[in-house]
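Predicted, not measured: the structure shown is a model, and the values here were computed from it. For the single chain, residues carry numbers from 1 onward in sequence order.
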Amino acid sequence: MNVADVNVMDEAAFVATFGGVFEHSPWVAQRAFAARPFAGVAALHAAMVAAVDAATADERLALLRAHPELAGRAAVRGELTADSTTEQAGAGLAQCSPEEFARITALNRRYNERFGFPFILAVKGWDRAGIIGEFARRVERDRASELAECLAQVARITRFRLDAMFAGTGSGPR
């Protein structure tokens, strides 16, 4: 795939291609479609992030809530999206020791109770110990800071996903 191909897609094809980039939130792709033509992957991503920024507070909260917990129930049941499975496995979360799993489970519960949405971290480049440390640090923060941080982390995750989709295609400016 390259950006020139993206720029000639109709809306249905565009949403079918990019609707899963933002976890279970195809509305982001639907709204970003109007920003075509894109000069590159960076412009496509910027249009998608702008769609999130322009969304209502309830829509942004629903976007966050569409994300799975790290090493949470969905992961245990094998219900993660392919992207989330790959991302969490790449950070070693599928190989948690019983103690690490118990710690993450307790942090997930506390974080959700405190903030009303799951802890979100672009785990690429992190290891389990670092993730647990970051989780423990962030659970102590205020809700407004965490809401902003989680949206920033979603933007990072989605940029990684788009880069993977276009990797090696000569897609133009990034």
Validation row: Leu44, Val3 side chains within 4.5 angstrom (heavy atoms):
no
Sequence neighbours excluded, the answer for side chain to side chain contact (heavy atoms under 4.5 Å, CB included) partners of Ala155 is His45, Val49
Partners passing side chain to side chain donor-acceptor pair (under 3.5 Å) against Gln30 (at least two apart in sequence or in another chain):
none
Work out which heavy atom in Phe135 is nearest to a heavy atom in Asn108; give both atom names and the distance.
CZ-OD1, 3.2 Å
Over all heavy atoms of both residues, which pair between Pro68 and Glu23 is shortest? Give the atoms and the distance, please.
CD-OE2, 3.8 Å
Taking only residues two or more places apart in sequence or in another chain, which ones pass side chain to side chain donor-acceptor pair (under 3.5 Å) with Arg60?
none
Could you tell me which residues satisfy side chain to side chain donor-acceptor pair (under 3.5 Å) with Arg109, sequence neighbours excluded, listed by chain and number?
none
All side chain to side chain contact (heavy atoms under 4.5 Å, CB included) counterparts of Ala148, not counting sequence neighbours:
none
Geometric class of the Tyr111/Phe117 ring pair [parallel <30°, tilted 30-60°, perpendicular >60°]
perpendicular
For Phe38 and Ala47, the nearest pair of non-hydrogen atoms, with its separation, is CE2-CB, 3.6 Å
Sequence neighbours left out, what passes salt bridge (Lys or Arg N to Asp or Glu O under 4.0 Å) with Arg156? Give chain and number order.
none
In chain order, what residues pass the side chain to side chain donor-acceptor pair (under 3.5 Å) check against Glu140, with sequence neighbours excluded?
Arg110
Do the side chains of Val52 and Leu151 get nearer than 4.5 Å, heavy atoms only?
yes
Which atoms form the tightest heavy-atom contact between Cys150 and Leu64, and what is the distance?
CB-CD2, 3.8 Å
Shortest non-hydrogen contact between Leu63 and Trp27, atoms and distance
CB-CZ2, 4.2 Å
For residues 10-22, dump all side-chain donor-acceptor pairs below 3.5 Å to protein atoms at least two apart in sequence or in another chain.
unit_1: Asp10; atom_1: OD1; unit_2: Ala12; atom_2: N; d: 3.3
unit_1: Asp10; atom_1: OD1; unit_2: Ala13; atom_2: N; d: 2.8
unit_1: Thr17; atom_1: OG1; unit_2: Ala13; atom_2: O; d: 2.8

Roughly how far, to the nearest 0.5 Å, is CE of Met48 from CZ of Arg159?
12.0 Å
Contact between Phe119 and Glu69 at the side-chain level, heavy atoms closer than 4.5 Å - yes or no?
no
A side-chain contact here means heavy atoms from C-beta on lying under 4.5 Å apart; do His67 and Gln153 qualify?
no
Of all residues at least two apart in sequence or in a different chain, which pass the side chain to side chain contact (heavy atoms under 4.5 Å, CB included) check with Asp58?
Thr56
Tell me if a side-chain donor or acceptor on Arg103 pairs with a main-chain N or O of Ala136 at a distance below 3.5 Å.
no
With sequence neighbours excluded, what pairs up with Arg138 under the salt bridge (Lys or Arg N to Asp or Glu O under 4.0 Å) test?
Glu146
Rounded to the nearest 0.5 Å, what's the gap from CZ on Arg114 to CG on Asp142? Could you check?
8.0 Å
Here the pair of heavy atoms bringing Asp163 nearest to Val41 is OD1-CG1, 3.7 Å
Value rounded to 0.5 Å, distance of CD in Glu100 from CG in Leu107:
12.0 Å
Can you name the salt bridge (Lys or Arg N to Asp or Glu O under 4.0 Å) partners of Glu59, sequence neighbours left out?
Arg31
Please name all residues satisfying side chain to side chain contact (heavy atoms under 4.5 Å, CB included) with Ala62, sequence neighbours left out, ordered by chain then number.
none
Residue of the set Asn7, Val6, Val8 for which side chain to side chain contact (heavy atoms under 4.5 Å, CB included) holds with Pro37:
Asn7
